[in-house]
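Note sheet for the following structure.
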Protein chains: 2
Amino acid sequence: MTSARPTRRRGAALDEAILQATIEELHAVGFRSLTMDAVAARAGTSKNVIYRRWPSRGALCVAAYLRMLPTDAEDTPDTGSVRSDALALLQRANERMSTPVGQMLRELIAGIQAEPEPLRDLREQASRAGVAVWLKVLTRAVSRGEVDPSALTPRVATVAVDLLRNEYSLNGARSVPDAVLVEIVDQVYLPLMRSHG
Amino acid sequence: MTSARPTRRRGAALDEAILQATIEELHAVGFRSLTMDAVAARAGTSKNVIYRRWPSRGALCVAAYLRMLPTDAEDTPDTGSVRSDALALLQRANERMSTPVGQMLRELIAGIQAEPEPLRDLREQASRAGVAVWLKVLTRAVSRGEVDPSALTPRVATVAVDLLRNEYSLNGARSVPDAVLVEIVDQVYLPLMRSHG
DNA sequence: CAAATAAGATACTGCCAGTAGCTTAAGCTG
DNA sequence: CAGCTTAAGCTACTGGCAGTATCTTATTTG
């Protein structure tokens, strides 16, 4: 596979091949153990070519990560009650975070300190992951009269995922049990909504 | 300083000297940039001696971190209202987390994946930091009639710090602005208490 | 077809974790 | 205090990896 390549790739095609190889390596060994040599080998090129495109290992991995994100638009759950909507969103977030890709995001965010620029996109990704969806769910709840409009701020709306994220940052990589999600919703999120209604 | 040492230290005294040197290095350059050579040099000994005591760089740093923890007992704020008590606790937590030592804890938790044993103590440290204090504050609020006893669960009581911690895990090392603390208290914590009262 | 550009190969520097083996000081034991 | 055991300290090494330099060669473009 690496040996007999007919043509010499260039430009965008090569970019793409390198990113693809990086994604595969990330899946295979994770960010922490990924080496530039391995990526180069897998892409059938040399490190040099990579460094001409991305300034560092971290930047390359971030670029690759961003390329591998799911592009399907979020569909917002609409079950008729805040409780089950919120639970559905939380479960989805939990699944995503416990995915290899989710772990990768955490590894990247944790493992890159010295590279503010590519990192910005990542944090953005992580933190704004779904503000809109939560607001949408709450907007519906407001229109049903279940919740007061004063709850429609990012801080309030995303409390549940924020707590979930905190769970991950404490517990490490393991998936969070469903009971915890229910606890977050019933002990925190719903009471909070109630007080805003 | 490294040259003319009269005696050759042994056992506990040497342990101590190495841990001390590690602490100094951690303060000087942080976990990520700490090298075993530097620690050995600072302690006036050799890497060999260190590796006879701790199996790896990570284990050494965790040991050093645990030795440097503040031992002063927490005093619980008692200002007469949940709002200012909570704000005081949050501010204290924020100060601690933005401290070099706090950053170090996060660096360690994030940077050590392959060593479950020493890590357990660390996570413990991070997560149980202050459950008791928050419960105490709430207990007082309950006895004042400000809050309902149903709020006296770890999950509910610590929501504010949990959100703060989340803030750190997203924002990186920087200290969280006071306005965010106020936002957490006024938009989330107090409403939550209200709904439990 | 020639000049410019970029890919690919190879080899190198520098850094650092962890290891090996030896020398020598400290402390114990009789 | 002599002799033995233990561990400190020294020096040098292996191996892995990020990032760089240099040169050759394929591809594009004018």
Side-chain angles (χ1 to χ4, degrees), chain A residues 1-22 25-26 28-64 107-108 111-115 117-119, chain B residues 1-22 25-26 28-64 107-108 111-115 118:
Chain A
M1 180 182 271
T2 53
S3 54
R5 180 178 310 287
T7 76
R8 187 180 269 191
R9 296 156 301 180
R10 296 202 147 208
L14 189 48
D15 291 5
E16 200 48 53
I18 293 171
L19 287 177
Q20 203 51 49
T22 308
E25 277 296 309
L26 280 173
V29 304
F31 169 67
R32 175 165 251 107
S33 306
L34 176 144
T35 72
M36 296 302 261
D37 290 286
V39 171
R42 193 187 280 269
T45 182
S46 71
K47 281 196 293 182
N48 244 325
V49 175
I50 303 177
Y51 279 106
R52 270 175 217 133
R53 291 170 159 74
W54 294 275
S56 70
R57 177 173 163 279
L60 170 65
C61 290
V62 170
E107 254 191 315
L108 285 173
I112 308 186
Q113 230 68 340
E115 282 155 293
E117 286 198 28
L119 208 46
Chain B
M1 178 183 273
T2 51
S3 55
R5 181 179 309 285
T7 76
R8 187 182 271 192
R9 297 157 301 180
R10 295 202 147 207
L14 189 48
D15 291 5
E16 200 48 51
I18 293 171
L19 286 177
Q20 204 50 49
T22 308
E25 277 296 308
L26 280 173
V29 305
F31 169 67
R32 172 165 253 109
S33 306
L34 175 143
T35 72
M36 296 302 260
D37 291 286
V39 171
R42 194 187 279 268
T45 181
S46 73
K47 278 197 293 182
N48 245 323
V49 175
I50 301 177
Y51 279 106
R52 271 175 215 132
R53 291 168 159 75
W54 293 275
S56 70
R57 175 170 164 280
L60 170 66
C61 290
V62 171
E107 253 189 317
L108 285 174
I112 307 186
Q113 230 68 338
E115 281 154 297

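Chain letters run A, B, ... following the sequence lines, proteins first and then strands; every chain starts at 1.
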Interface with DNA chain C, restricted to residues 11-19 of chain A and to heavy atoms under 4.0 Å
A/G11, A/L14

Using only modelled atom types and a 3.5 angstrom limit, is any donor from either the side chain of A/R9 or the base of C/dG8 paired with an acceptor on the other?
no

Pairs under 3.5 angstrom, nitrogen or oxygen only, protein versus nucleotides 2-6 of chain D, please.
{"from": "D/dT6", "atom 1": "O2", "to": "B/R10", "atom 2": "NH2", "distance (Å)": "3.1"}

Separation of [Y] [atom2] from [X] [atom1] (nearest 0.5 Å):
X: A/L26; Y: A/L19; atom1: CG; atom2: CG; answer: 10.5 Å
X: A/M36; Y: A/I18; atom1: CE; atom2: CD1; answer: 9.0 Å
X: A/I50; Y: A/S56; atom1: CD1; atom2: OG; answer: 11.5 Å
X: B/R8; Y: B/L14; atom1: CZ; atom2: CG; answer: 10.5 Å

For B/C61 versus B/F31, what's the shortest heavy-atom pair and its separation?
SG-CD1, 3.6 Å

Identify the heavy atoms of B/W54 and B/A59 that sit nearest to each other, and give their distance.
CD1-O, 4.2 Å

B/R8, nearest nucleotide to its side chain (from C/dA26, C/dG8, C/dA20)
C/dA26

Listing time: all N or O pairs from protein to nucleotides 14-18 of chain C that are below 3.5 Å?
{"from": "C/dA17", "atom 1": "OP1", "to": "B/L34", "atom 2": "O", "distance (Å)": "3.1"}
{"from": "C/dA17", "atom 1": "OP1", "to": "B/R57", "atom 2": "NE", "distance (Å)": "3.4"}
{"from": "C/dA17", "atom 1": "OP2", "to": "B/M36", "atom 2": "N", "distance (Å)": "3.0"}
{"from": "C/dG18", "atom 1": "OP2", "to": "B/Y51", "atom 2": "OH", "distance (Å)": "2.9"}
{"from": "C/dG18", "atom 1": "OP2", "to": "B/R57", "atom 2": "N", "distance (Å)": "3.1"}
{"from": "C/dG18", "atom 1": "O5'", "to": "B/Y51", "atom 2": "OH", "distance (Å)": "3.4"}
{"from": "C/dG18", "atom 1": "N7", "to": "B/K47", "atom 2": "NZ", "distance (Å)": "2.8"}
{"from": "C/dG18", "atom 1": "O6", "to": "B/K47", "atom 2": "NZ", "distance (Å)": "2.7"}

How do B/R52 and A/R53 order along DNA chain C: which one's closest nucleotide is nearer the 5' end?
A/R53

Of all residues at least two apart in sequence or in a different chain, which pass the side chain to side chain donor-acceptor pair (under 3.5 Å) check with A/R53?
A/D15

Can you list everything that forms a side chain to side chain donor-acceptor pair (under 3.5 Å) with B/Q20? Sequence neighbours excluded, please.
none

Counterpart residues, side chain to side chain contact (heavy atoms under 4.5 Å, CB included), relative to B/S33 (two or more places apart):
B/V29

I'd like to check the side chain to side chain contact (heavy atoms under 4.5 Å, CB included) partners of B/A17; sequence neighbours left out, ordered by chain and number.
B/R9

Which whole-number value in Å describes the distance from A/R32 CZ to D/dC17 C1'?
15 Å

Would you tell me if any nitrogen or oxygen in the side chain of A/T45 comes within less than 4.0 Å of OP1 or OP2 on C/dG8?
yes

